[in-house]
Structures are given as structure tokens and as C-alpha cells.
S.K.: 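Structure provided below as C-alpha cells; questions to follow.
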2 protein chains.
Amino acid sequence: MIDSSIENVIGALALAFADILQRDAQAKAPEPGPAASAITLIGHVPGLSIERLRRALSLSHSGTVRLVDRLVAEGLAARFSAPDDHRAVALRLTPLGETTCSAILSARQKGLASALAVLSQEELQEFGNLAAKLLRGLVSTEDHAYRICRLCNYTACIDCPVEAELA
Amino acid sequence: MIDSSIENVIGALALAFADILQRDAQAKAPEPGPAASAITLIGHVPGLSIERLRRALSLSHSGTVRLVDRLVAEGLAARFSAPDDHRAVALRLTPLGETTCSAILSARQKGLASALAVLSQEELQEFGNLAAKLLRGLVSTEDHAYRICRLCNYTACIDCPVEAELA
DNA sequence: AAAAATATATGCTCGGAGCATATACATCAA
DNA sequence: TTGATGTATATGCTCCGAGCATATATTTTT
């Protein structure tokens with residue numbers, strides 16, 4: 001294959017996979033948009049501040065505050081004051097939020113797994129290795145890492161290449 | 001790597017790539033959101049109807065009509081009546097639209113290429129082959145194919161696996 | 001102690017997106 | 001041919017998420 005064709009194919013696949021991930025994740029979230037990512041991020045990093053969440057979601061301040069308002073109103077998340085910085089608001093999931101988070105992650109996993117099912121075990125390993133290498137090349141800052149991993153299932157991620165690259 | 005880790009890595013990479021594609025594409029588009037995809041799709045398929053565009057973008061009727069209204073108002077696209085079906089509106093790009101389309105596609109290509117630069121030529125080929133196999137497994141309908149290829153540079157796509165799978 | 005930087009909250013407004021509906025054309029059945 | 005159903009487009013209305021500007025609280029720096 002010619003390089004330009006390869007780029008097209010990889011780009012198209014990335015869009016298709018991202019579509020699947022977001023569709024499946026949003027289906028279990030209380031609203032479309034960044035809510036699903038917000039829930040899984042708070043689940044991933046309990047005590048996350050609104051500002052860090054904002055950077056991970058690439059939203060404005062006010063947009064993030066309003067999103068958190070809605071999550072709190074729906075009983076999925078709770079604010080509490082951060083112990084180290086009294087300006088900051090720390091976020092955590094409620095038990096209902098944890099349930100929702102699990103539902104989002106398992107829906108996400110299911111769709112992805114079925115898309116990957118056409119590969120043999122060896123092909124999957126090879127693809128995963130190359131993907132990990134690409135991912136390591138992409139990570140820049142810690143904020144960016146949170147953004148990249150915004151829909152990851154952290155309990156299932158052994159030897160996360162993003163983490164490895166940052167360390 | 002464990003399968004669940006591989007899935008996380010691949011999912012994260014897909015999101016990261018999709019972010020890059022959409023960021024670069026939108027930077028050259030007249031507005032954020034689906035406008036960039038709409039422009040490249042119309043460029044790809046001159047005479048495309050609003051209904052087909054709607055399905056490729058996963059929008060509502062009215063949302064698509066308004067989007068086209070805006071593109072026409074900005075001088076990027078034009079409506080003309082479809083020769084075969086007098087209900088339908090056919091779309092084409094204006095010369096200005098063509099210029100914008102090229103800018104979107106080359107910006108998209110540039111960002112993607114730099115993300116892929118960490119791979120050797122052999123790795124890139126291997127990754128592309130596996131991506132093509134995955135892509136063929138994903139394509140279902142023709143509408144879906146348009147959606148998947150919504151940001152592709154069709155002039156640079158030799159032996160498109162999506163096309164091959166549909167045929 | 002004052003000044004600058006950082007984190008959050010809120011009033012205001014804008015604009016994209018959907019719903020409901022209207023109109024035009026096509027297709028199929030009788 | 002005519003009438004009924006389905007499909008394609010257009011538009012009034014409304015909702016709601018997102019950003020901007022601004023206010024307040026806390027931390028950090030000078």
C-alpha cells in the first residue's frame with residue numbers, strides 16, 4: 001500500500017472506532033456529549049478537581065462547572081472541598097455514579113471487542129504493540145494523558161503505555 | 001499484553017487520532033462540528049443529496065438543512081436540483097468550497113502523518129494492513145461507508161478497503 | 001501586607017440541534 | 001388515471017449546552 005492510502009485507512013478506522021466508543025459510552029450516560037468521559041475520569045481519579053477535568057475534556061470553565069452541576073443534580077457525582085487547596089473543588093462518584101461508570105465502561109468494552117474480533121490472537125497482539133508505540137509517541141503532558149485515557153477502563157489496563165511514557 | 005489492556009490501548013489511540021483529525025479538520029472549516037466532514041463529503045461525491053449527507057453525518061433532517069444553508073451562505077457549496085429525483089436537492093462545492101476542502105484534507109493529512117512518524121516503514125505497512133482488515137469488518141451499508149470515509153482524502157486513497165468490502 | 005496568579009461560580013447571550021409540521025415529488029396499487 | 005403511501009426538503013418553534021465577562025475566594029509571590 002502507498003503511504004497516503006495507509007493514512008486514509010488508519011484515519012478512517014480511528015474515526016470509526018471513536019464513533020463506536022462514543023456511541024456505546026453515551027448510551028449509558030445521562031446525556032450526550034462529554035458526560036460519559038467526565039464520569040469515567042472522576043471514577044478513574046477520585047478527588048479530581050474541576051480545573052483538571054476541564055483540561056481533560058477541553059471545555060471552558062463554565063461549561064465544566066455546569067456539567068458537574070448536572071452530574072451532581074442527577075446524583076451521579078458529589079463535590080467536596082479539596083483537602084490541600086481550599087480554592088479547588090474535588091469530585092467523586094456517588095454509588096449510583098459508580099454503577100453508571102461501570103455500565104459505560106463495559107458497554108465501551110463490548111463494542112470494541114466485537115470490532116476487534118476479526119483479528120486472530122497474533123494479529124491482535126501485533127496491532128496492540130504498534131498501537132502502544134504510537135500512543136507513547138503522542139502523549140505530551142499529564143493533562144493530555146487524562147484526555148487520551150478519558151474512556152479507558154483503568155482497572156483493566158495493565159502496563160498502561162501512557163503512564164509509562166509520562167514516568 | 002492481556003486482551004483487556006490491548007483493547008484499552010487501541011481505544012485510547014482511536015480517540016487520540018480522532019481528536020487530531022477533527023481538530024486539524026475543523027481548524028480549516030468555517031465552523032466547528034460536522035461542517036468539515038460535510039465539505040469533504042460533498043467534495044467526494046458531487047451531487048450528493050441532503051438526505052444522504054444527513055445519514056453520513058448522523059444528524060437530523062433540519063440540522064442538515066441548516067448546515068447546508070450555512071455552507072451555501074458562506075459561498076462554499078451550492079444547491080441544484082437533482083436530475084433523477086425532483087424532490088431531492090443535489091449538492092456541489094463552489095470553487096471556494098474546493099479550496100476549503102483541499103485545506104481541510106491537507107491539514108488532516110499533516111497531523112496524521114506526524115503522529116505516524118514514530119513507526120518504521122515496515123511497521124507502518126503492517127499497521128495499515130491490520131487496520132484495513134478491521135475496517136473491512138466494520139463496513140455494513142453504503143451510508144455507513146460514507147460516514148466512515150467522511151474525512152478521507154479520496155484522491156489519495158488507492159484500493160480503498162471500504163469500497164472493496166461493499167463491492 | 002500588597003499584588004498577582006489560580007480555582008470556582010453565575011448572569012447573560014449565542015447558536016446548533018431536534019421536534020412538529022407543511023409542501024413537493026415519487027411510487028405503487030387499484 | 002387516480003388515489004394512497006412513502007420519501008425528500010424546508011421552516012417555525014423551542015431547548016439546552018457552551019462560551020464570554022465578571023465576581024468571589026484562596027494561594028503564591030514579591
Side-chain angles (χ1 to χ4, degrees), chain A residues 19 22-23 25-27 29-39 41-42 45 47-74 76-92 141-143 146-147, chain B residues 19 22-23 25-27 29-39 41-42 45 47-74 76-92 141-143 146-147:
Chain A
D19 278 355
Q22 296 190 359
R23 166 174 54 82
Q26 289 185 6
E31 64 180 51
S37 304
I39 292 169
L41 272 169
I42 298 171
V45 190
L48 189 73
S49 76
I50 288 186
E51 173 60 17
R52 270 190 110 57
L53 181 64
R54 182 194 81 75
R55 288 199 284 258
L57 298 178
S58 295
L59 285 181
S60 67
H61 263 302
S62 49
T64 314
V65 170
R66 299 274 153 70
L67 172 58
V68 170
D69 286 347
R70 272 170 272 145
L71 294 180
V72 170
E74 309 212 38
L76 298 168
R79 289 175 160 99
F80 64 100
S81 81
D84 52 324
D85 188 334
H86 284 189
R87 294 169 302 181
V89 164
L91 301 170
R92 61 172 176 80
T141 65
E142 191 177 349
D143 284 332
Y146 281 136
R147 171 154 192 85
Chain B
D19 278 354
Q22 296 190 359
R23 166 174 55 82
Q26 289 185 5
E31 65 181 47
S37 304
I39 291 169
L41 273 169
I42 298 171
V45 190
L48 189 72
S49 76
I50 287 185
E51 173 61 16
R52 271 190 109 58
L53 181 63
R54 182 194 80 76
R55 289 200 283 258
L57 299 178
S58 296
L59 285 181
S60 67
H61 263 303
S62 48
T64 313
V65 170
R66 301 271 154 73
L67 172 58
V68 171
D69 287 346
R70 271 170 273 145
L71 293 180
V72 170
E74 309 212 36
L76 298 167
R79 289 174 160 100
F80 63 100
S81 78
D84 52 324
D85 187 335
H86 285 189
R87 294 170 301 181
V89 164
L91 301 171
R92 63 172 174 80
T141 66
E142 192 178 347
D143 284 332
Y146 281 136
R147 172 155 192 83

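Reminder, nothing fancy here: chain letters follow the sequence lines and each chain counts from 1.
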S.K.: Residues two or more places apart in sequence or in another chain: which of them pass salt bridge (Lys or Arg N to Asp or Glu O under 4.0 Å) with B:Asp143?
M.R.: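 Salt bridge (Lys or Arg N to Asp or Glu O under 4.0 Å) list for B:Asp143, sorted by chain: B:Arg52, B:Arg55.
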
S.K.: Quick one: pull up CG in B:Asp85 and OG in B:Ser49 and give me the separation to the nearest 0.5 Å.
M.R.: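 These two atoms lie 8.5 Å from each other.
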
S.K.: To check you understand the geometry: which heavy-atom pair defines the closest contact between B:Gly47 and B:Ala90, and what is its length?
M.R.: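 For B:Gly47 and B:Ala90, the tightest heavy-atom pair comes out as O-CB, 3.5 Å.
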
S.K.: Name the residue from A:Leu71, A:Val65, A:Val72 that meets the side-chain contact (heavy atoms from CB on, under 4.5 Å) definition with A:Asp69.
M.R.: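 When side-chain contact (heavy atoms from CB on, under 4.5 Å) is applied between A:Asp69 and each of A:Leu71, A:Val65, A:Val72, only A:Val65 qualifies.
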
S.K.: What are the two closest non-hydrogen atoms of B:Ile39 and B:Pro30, and how far apart are they?
M.R.: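 Result for this residue pair: CD1-CD, 3.7 Å.
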
S.K.: Determine the contact category for B:Arg79: base if any of its heavy atoms lies under 4.0 Å from a base atom, sugar-phosphate if only primed atoms, P, OP1 or OP2 are that close, otherwise nothing.
M.R.: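 Contact class for B:Arg79: sugar-phosphate only.
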
S.K.: Once you round to the nearest 0.5 Å, how far does CG of B:Leu67 lie from OG of B:Ser62?
M.R.: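 If I round to the nearest 0.5 Å, the distance is 11.5 Å.
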
S.K.: If every non-hydrogen atom of B:Leu53 is compared with every non-hydrogen atom of B:Val68, which pair is closest and at what distance?
M.R.: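 Result for this residue pair: CD2-CG2, 3.9 Å.
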
S.K.: Between the main-chain N or O of A:Leu59 and the side-chain N or O of A:Arg54, is there a donor-acceptor pair closer than 3.5 Å?
M.R.: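 Checking the backbone N and O of A:Leu59 against the side chain of A:Arg54, a donor-acceptor pair under 3.5 Å is found.
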
S.K.: Rounded to the nearest 0.5 Å, what's the gap from CD on B:Glu51 to OG1 on B:Thr64? Could you check?
M.R.: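 That separation rounds to 8.0 Å.
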
S.K.: When rounded to the nearest 0.5 angstrom, what distance separates CG in A:Leu41 from CG in A:Leu57?
M.R.: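 Between atom CG of A:Leu41 and atom CG of A:Leu57 there are 6.0 Å.
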
S.K.: Please state how far atom CD in B:Glu51 lies from atom C1' in C:dA24, giving the value in whole angstrom units.
M.R.: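 So the two atoms are 15 Å apart, to the nearest Å.
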
S.K.: Using the C1' atoms of the five pairs at each end, what is the angle between the end axes of the helix from C:dA1-D:dT30 to C:dA30-D:dT1, to 10°?
M.R.: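 Axis-to-axis angle, ends of the helix: 30°.
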
S.K.: Tell me, which of residues 62-74 of chain A have any heavy atom that sits under 4.0 Å from an atom in DNA chain C?
M.R.: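 DNA chain C contact set from residues 62-74 of chain A: A:Ser62, A:Val65, A:Arg66.
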
S.K.: According to side chain to side chain donor-acceptor pair (under 3.5 Å), who are the partners of A:Arg23, at least two apart in sequence or on a separate chain?
M.R.: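 Residues passing side chain to side chain donor-acceptor pair (under 3.5 Å) with A:Arg23: none at all.
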
S.K.: Could you pull out the protein-nucleic contacts involving nucleotides 1-3 of chain C (nitrogen or oxygen on both sides, under 3.5 Å)?
M.R.:
none

S.K.: I need the CG-P distance between A:Leu53 and C:dA7, as an integer number of Å.
M.R.: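 Atom-to-atom, A:Leu53 to C:dA7, this comes out as 13 Å.
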
S.K.: Between atom CG in A:Leu59 and atom P in C:dA7, what is the gap in whole Å?
M.R.: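 The distance from CG of A:Leu59 to P of C:dA7 comes to 16 Å, rounded to the nearest Å.
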
S.K.: What are the 5'-most and 3'-most nucleotides of DNA chain D lying under 4.0 Å from any heavy atom of chain A?
M.R.: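 Footprint of chain A along DNA chain D, 5' to 3': D:dG17 to D:dT27.
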
S.K.: What's the shortest heavy-atom distance between A:Ala56 and A:Arg147, and which atoms?
M.R.: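 Looks like O-NH1, 2.8 Å.
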
S.K.: Return the CD to CD distance between B:Glu31 and B:Gln26, rounded to the nearest 0.5 Å.
M.R.: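 Taking CD in B:Glu31 and CD in B:Gln26, the distance rounds to 9.5 Å.
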
S.K.: What's B:Pro32 touching, base or sugar-phosphate or nothing? Going by heavy atoms closer than 4.0 Å.
M.R.: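 Result for B:Pro32 = nothing.
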
S.K.: Report the distance from atom CG of B:Leu57 to atom P of C:dG16, rounded to the nearest whole Å.
M.R.: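 After rounding, the gap between these two atoms is 15 Å.
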
S.K.: Rounded to whole angstroms, how far apart are NE2 on A:His86 and C1' on C:dA7?
M.R.: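 These atoms are roughly 13 Å apart.
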
S.K.: When you match A:Asp85 and A:Gly33 each to their closest nucleotide on DNA chain D, which lands nearer the 5' end?
M.R.: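 Looking at the nearest nucleotide for each, A:Gly33 comes out on the 5' side.
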
S.K.: More 5' along DNA chain D: B:Val89 or A:Arg87, using each one's nearest nucleotide?
M.R.: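 Taking each residue's closest nucleotide, the earlier one in sequence belongs to B:Val89.
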
